[in-house]
Structures are given as structure tokens and as C-alpha cells.
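One structure is given below, encoded as C-alpha cells.
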Protein chains: 4
Amino acid sequence: MTAAKETSEPLRILDAAIDALAEYGYANCSMQRIADHAEVDKRMLHYYFGDRNGLTVQIAERVGDRLLAGFTSAIEGLSGPREIAAAGFESLWENVVAEPRLHAVHLGLVSAAVTDDSLRAQVARIRDRYSEVILQLAERGRKAGLQLRLNDETLVGLILAGLNGLTVDYLQRGETQELTQSLAEFQSWLMQLARPLADA
Amino acid sequence: MTAAKETSEPLRILDAAIDALAEYGYANCSMQRIADHAEVDKRMLHYYFGDRNGLTVQIAERVGDRLLAGFTSAIEGLSGPREIAAAGFESLWENVVAEPRLHAVHLGLVSAAVTDDSLRAQVARIRDRYSEVILQLAERGRKAGLQLRLNDETLVGLILAGLNGLTVDYLQRGETQELTQSLAEFQSWLMQLARPLADA
Amino acid sequence: MTAAKETSEPLRILDAAIDALAEYGYANCSMQRIADHAEVDKRMLHYYFGDRNGLTVQIAERVGDRLLAGFTSAIEGLSGPREIAAAGFESLWENVVAEPRLHAVHLGLVSAAVTDDSLRAQVARIRDRYSEVILQLAERGRKAGLQLRLNDETLVGLILAGLNGLTVDYLQRGETQELTQSLAEFQSWLMQLARPLADA
Amino acid sequence: MTAAKETSEPLRILDAAIDALAEYGYANCSMQRIADHAEVDKRMLHYYFGDRNGLTVQIAERVGDRLLAGFTSAIEGLSGPREIAAAGFESLWENVVAEPRLHAVHLGLVSAAVTDDSLRAQVARIRDRYSEVILQLAERGRKAGLQLRLNDETLVGLILAGLNGLTVDYLQRGETQELTQSLAEFQSWLMQLARPLADA
DNA sequence: CATGAATGAGCGTTCATTCAT
DNA sequence: TATGAATGAACGCTCATTCAT
């Protein structure tokens, strides 16, 4: 046995698959292409993941992991209320810019999920994880004295809608001036939703 | 002879194709399926649209037409500044609720366009048409006395990002309470971006 | 009615068809391509020529016409025995160089005829026309005092074999030095087959 | 287990493909027909040869092998100059008579190559192999005392042109009297091109 | 784990041809 | 003559998947 295979083979394949999806798009990404991209025989995909659906499920899971990776750690040390509020969305957006291909794949999954039941569950799961982490942040913000005008679910809904909408813009047109301004506007709006007690 | 063929055959097929895309999703919608859906022989698609790409281009064009249909007429009679501002986004959203399948198809096109060059142009065209109509609205608002804090392009960017983000939410989870609240929040934010002169 | 259409429409189409065959090759030349090449609707082909086979038959006929056009006139005025012998093959070869595309089409027909019965008759007809004209030439040569060592059919066979073999070389590799020398050798051999009486 | 699979499956298919090409002609020989002829599923052709072009390339290679098979061995033992000269062309022609279908396929490839670039390379390769083997023969003839009036390339050109031209005649009309005489004439011409030293 | 071989189904596209006007 | 529409049959190729070793 090799001393320490850093990542397991299935995991390596999943990341290659995500890359392939980003390359060819959800619609044009066959198992053959994924296998080629991962430099693996296509039958190994069946060996590890069963069938196409099984692979897709795992891909979605992995996408979720990577979408939220870093987010938790990025907001761990924060303590002040404004700090928390500010860092939250910023950290989410940083991941968009850092891994646009990953978010393109996510968008593909979200889009496909509209008409694909088994995918819908997976995509909903990713949303739940987003939600969870945003709520944790809100909780910490409240404990630090943040007063939020909105109930939790609406807050999550608005943040995710903003994130998704701006991500679509970014994927469509790249880093434009308007997008930068839109981001600033959106963030300042988010800040305004939260009025810390101390400010009153 | 039928008295008056309401729409041309290609147009009828395009609408059937949009319906098929909504049914099966962009990735799983073959020409055969579109043909079956339109109750037309598969080869008639080639007869009318050349190849798959030609069909897709026309579909995108038709999607654009239908996304903006009604919008222009809906805002035509308005005169007061607040009226205009309010009706603008509301009218856009009404189309989402009225034709969710159409917007699902649009989302599919947007998503696929990320990795498909020829589609990208088409999707950009739809965005341009949205942009154009929003800017016309802004223009009319200004003439009616509206003061907009943002430059045109940023305004368009924010409105479209909000529209897209909320549409994704709607397509994913339907008409939830949170979404209703999010919509209200978003709209009140939009209103706040515009301060009528009278307020000064 | 236009005063004087120089060539009839079917004839114009046939020449365009020959050009298309030269362009795409016999195997890849559909009726659609021929129609496009002739700038005619494909159904006109059926109108003029019935079906694919009818068209091919006419094409073969036209190819035969053009292969031998000029040949008869080129050898008309000649009188001396050597003159006749020399000009004969030279004139045949000149047509190869002047119309290589035509000869490429001919080669395609000859090749296809091996497995296509209806074509075989047409191709045989072209060979007969070659034969006929070569024999006429031989006849005139004899009358001018040429003594030919070979019987007529063998002479024709050798000339056509040489012509075909060298044409294949020309079509494959163009005008090479070796081909020029081969031509010279072949011609000198032909001359040697014929010994004028005066030489004896 | 069968004792000894004589030839590999791909090779068996290639020979069946050549037979199919001889049966239907290059233009009318689809992959389906080749598959049927080889009693193999159509998709196995893709499995073994990739795509149509890959199959064609391999077919051409195999045609080349079989065109020259036997030739080398047939001329191996010969030693006398005239013997070598005589046996050379005779051996080439014997292959034509022994495998007329193979030569029909070759003619089809040659013809198609005129308008098909990828095929042209393959056909040129076959010609090169012919050339190589003819030159080896000439070399051996020279060592045995043969004096050749022509340079190598012209010799090859003439021999191949003769071979091709006479093959076309054979494929068109079968074994006629004239063809037999033409062959005799051609061979005696070839002999005359070579004057052994002893004659001097 | 890995590989050679196979398979039912479907892909987008083109073929020659015909019908009705 | 010419055109819009249609059709039965194939085309080359790829899909996800399975079997046997």
C-alpha cells in the first residue's frame, strides 16, 4: 500500500467529473467524457458509483462540500456584529470568484433539478447546507448584538437569491464594473437590514 | 381551408419545443422528443430549422419574445413616478408566476450558455432585450420626476440579478411564504433606490 | 422567351453535376449537393432526369461527349502517317491535362461501374466511343501507309490501358518529372508499333 | 477454447470489409453493410476502428498487404536477369487474376482518393509499397547483370501505369483475347527496356 | 481492481423520392 | 415549371450499461 494516498480514488474522480461538467456543460457531459477526463476506464465509474444517477448524486454532494468549504473557517474567528455581517456574504462571494467553474456546475445542477426529481433532492440538500451555515452566522451575529429586521428564512432566501442572481451575472459576463457596483449595493443593503443594538 | 391559421407552423413548433424543454430539461430534450411533443416528424425540424443549433437559436429567440411579451404593454399607460417604479418589477415577476415553465427553460438556456458559445450569444441577446426595456422604464421614470441613485447599467444589473435569484428560488421551491416576503423586501428596496423629486 | 439560351437547362445541370462529382467524389455526391452546385432545386433533378439512375446515365453520356470532344477535330486535318500516329495519343492526353476534373469523374464512373450493372453499360459505351475514334484513326493511318503490327482490338486495348494508367498517375500525383518521361516512353513505344512502309 | 484462432477478429473484419467493398462498391458500402458482411454488430466496428475514417485507413492498409502478399516470396529465389525481369510483372499480374475483387477495391480507393485527402495518403502509401518492391527487384536485376535504360522512378511509373491500365481493362471486360495479347505486348516491351550485359 | 467484448436504445442528420398545388 | 411539405429508410456515431474473465 502506498504510504498515504492523499485523496481516495473516488474523490479524485468526483473532482475530475466536476471539472468535466464545467468543461462541457451538464447537457454534453457523458460518462465517457467524465471517464476520459479522470483518466479512468468508464467501467470504473460504474464500479465506484453504480450508475449515472449514483454518480450524479455523489457529484452533487461533492459540489456542496466544495461550495461551503472555507466558508465555515472564514467566519470562525469573527466576533463584532458588523464584522460578522460583512464577512458573511463576502466570504460566499469570494468562493464564487475563486471557483467559478464550480459554481457553473452548481448552476447546471440547479437548472437540471427543475425537471429531474432525483437531482432536486440533491440540490435542495445543497441549499439546506447553505441555509444552515447562514443561520449559524445570523445566530452568532445576534449573540453579538445584531438586530435583524427579518425572520431567518426570509434572510436566507434574500441572501441566496442575491448570491445566485449575482453569480449568474458573473458567469454570463465576467467581472464587469456594473457587477462590482451591484455587489457593493447589495452588501450595503444587507448591512442595513441589520442594525446593531449598540448603534441605537 | 381553415379560415385563418392563427400562428405559422414553425412558430407552433417552437412553442411546443419550449414546452418539451420545460418537460424534460435542456439536457434530456432530444429533437425526437421535441418532434413528438409538437406532433411533427423529426425531419420536419430539419426542414424548418436546419440543424439542432438552428432550432436552438430560434427557440432562444422565441423564449426572449415570450419573456418580454406583455411587459411593454403592462407599463404603457403608467404615468406617476412611483407607479412606474412599482409596476416595473411587478410586471416582470408576474410573468415568472404566469409562465414558470418558460422561465425554467430560460434558466436552462442560461446555464447551458456558460459552456456553449453559440448559445451564449443568444442568451446575451435576451439579456440585452431585458436591459433595453428596463432602461426605457427608467427613462420614463426620470421624465416623471424620479431620481435614481444608480447609473443605468448597475440598476439593470441589480434588477436582473434579483429577478434571476428569486426566480431560481421560485423554481426550486415554489411559492413559499419566505419568497413572498423576499419579494416584498426586494421591491421596497427598489423603491428606496428611487426618490421622487417631490420628497426632496 | 429569351432569344437564344445557349445551352439547354438540362445540359447546364449535367455540367454542374460533373463539376460536383469532381468536387466531392462519386461516393459523396448526393443529389442535394448536385442541385446546390447547379443552383437548382433538387426536385428539378427528378423533373429532368427521373431518378438518381437516370441522372447518372445522362452524366455518363455527357462525360463521354466531353472526353472525346476536340479529339475528332484535332486529328481531322492530319495526313502523313507519322503525323497521325503522333497526334493521336497526344490529343487524348491533352484532354487529360486540360480537363483533369472530367477525367477524375470518368475514373469514378469506371470504378463504380465494376459493381454497378447499370453504370457498367454506360461506361462500356464510353469505352466503345474511344475505341471507335481510335480505330478511325488507325484506319486513316493505314490508308496513309502505316503498317501496324497489332490487330485493331489489341491496339485499342493497349492505348486505352496506357491512357488510363497514366491518367491515374496524373490524378494521384500531378505533373511529375517521371510522368513526363513515362509519357515520352509510352509514345515512342506506340510509334514503334507502327512502321510506315516508306521506312522499309 | 479453440485451438488456435488463426487470425485476429479485427483482421477477420477487415477482410470481410474488403469483400463487402468489392460486393457493393466504395460508394454504396455503408458501415452497416460491412458489419452485416462480417457478421458483427455495427458498433463493434467503432469499437475496433474508432470511426469510419479509422476503418477505411485500416482497410487500405490491409489492401496494401494483400496486394503485395506473395509478390516478395514469388521473386525470392530467382537469379538470372531475364528471369527476374520476366517474373516481376508476371507475379504482379497473377495477383490481379487471383484476387480481382481485391484489385477492384483498390481501384475504388484510388478513385475515391482523388477527392478525399485522408484517403489520398493511404493510397499513396500503397503506391510507395509497390514502388519499393519494384525497385528492390530492379536492384537485384542490376546486380544480376541487367542494364536498364530508364531511371528508377520512371520505370516504376511505367510499370504501375501499365499494371493499373490493364487492371482496369480486366475489371471492365474480364479476360478477353485482346487483353491477353496486350499483356504479352506490354511484357515484351518491358523486357526490351532491359538489355542484359551478355547481349552486348 | 481491471479489462476485452458486447448490447439495446437513441442521437442528429442525410438519403432519394413523392404529393399537392 | 416551380415550390412548400412530407416520408420511408439509412446514415455514422454515442449513450449508459452489462457480461465474463
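Since the model is a prediction, treat every value here as computed from it, not as a measurement. Throughout, a chain's letter reflects where its sequence line sits, starting with A, and its residues are numbered from 1.
Inter-residue side-chain proximity for E23(B) and R101(B) is flagged as met; some heavy-atom pair is nearer than 4.5 Å. In this structure the side chain of R62(B) reaches within 4.5 angstrom of the side chain of L11(B), judged on heavy atoms. A 4.5 Å side-chain heavy-atom check between S111(C) and Y26(C) finds every atom pair outside the cut-off. Taking the side chain as every heavy atom from C-beta outward, Y24(A) and T115(B) never approach each other to under 4.5 Å. When side chains are defined from C-beta on, I126(D) does not count as touching E61(D), because their heavy atoms never get closer than 4.5 Å.
Nucleotides dA20(F) and dC1(E) are separated by 15 Å at their C1' atoms, to the nearest Å.
To the nearest angstrom, P of dG12(E) lies 17 Å from CE of M44(B). Nucleotide dA9(F) holds its C1' atom 12 Å from the CZ atom of R33(D), rounded to whole Å. Taking atom OH of residue Y24(D) and atom P of nucleotide dC11(F), one finds them 11 Å apart after rounding to whole Å. The CG atom of N28(D) sits 13 Å away from the P atom of dA10(F) (whole-angstrom rounding). One atom, CG of L45(D), and another, P of dC11(F), lie 12 Å apart when rounded to the nearest Å. Residue F49(D) contributes atom CZ, which lies 15 Å from atom C1' of dG12(F) at whole-angstrom precision. Rounded to a whole Å, the CG atom of D41(B) is 8 Å from the P atom of dG8(F).
Listed pair Y47(B) / dA5(F) meets the phosphate criterion, a side-chain N or O lying under 4.0 Å from OP1 or OP2. Applying the 4.0 Å criterion to OP1 and OP2 of dA6(F), one finds that Y48(B) has a side-chain N or O inside that range.
Judged by distance alone, with hydrogens and angles left aside, the side-chain atoms of R12(D) form a donor-acceptor pair with the main-chain N or O of A38(D) at under 3.5 Å. Checking side-chain atoms of R33(C) against main-chain N and O of A20(C) turns up no donor-acceptor pair under 3.5 Å.
Note on R66(B) versus D15(B): salt bridge recorded, some NZ/NE/NH1/NH2 to OD/OE distance being below 4.0 Å.
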Can you give one letter per nucleotide of nucleotides 16-21 of chain E, going 5' to 3': B for a protein heavy atom under 4.0 Å from the base, S for sugar-phosphate only, - for none?
SBB---

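Contact record, A35(D) with D41(D): CB-C, 4.1 Å, taken as the closest heavy-atom pair.
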With Watson-Crick and G-U wobble geometry limited to distances under 3.5 Å, how should the secondary structure of DNA chain E be encoded in dot-bracket form, using | for bases paired to another strand and [ ] for crossing pairs?
.||||||||||||||||||||

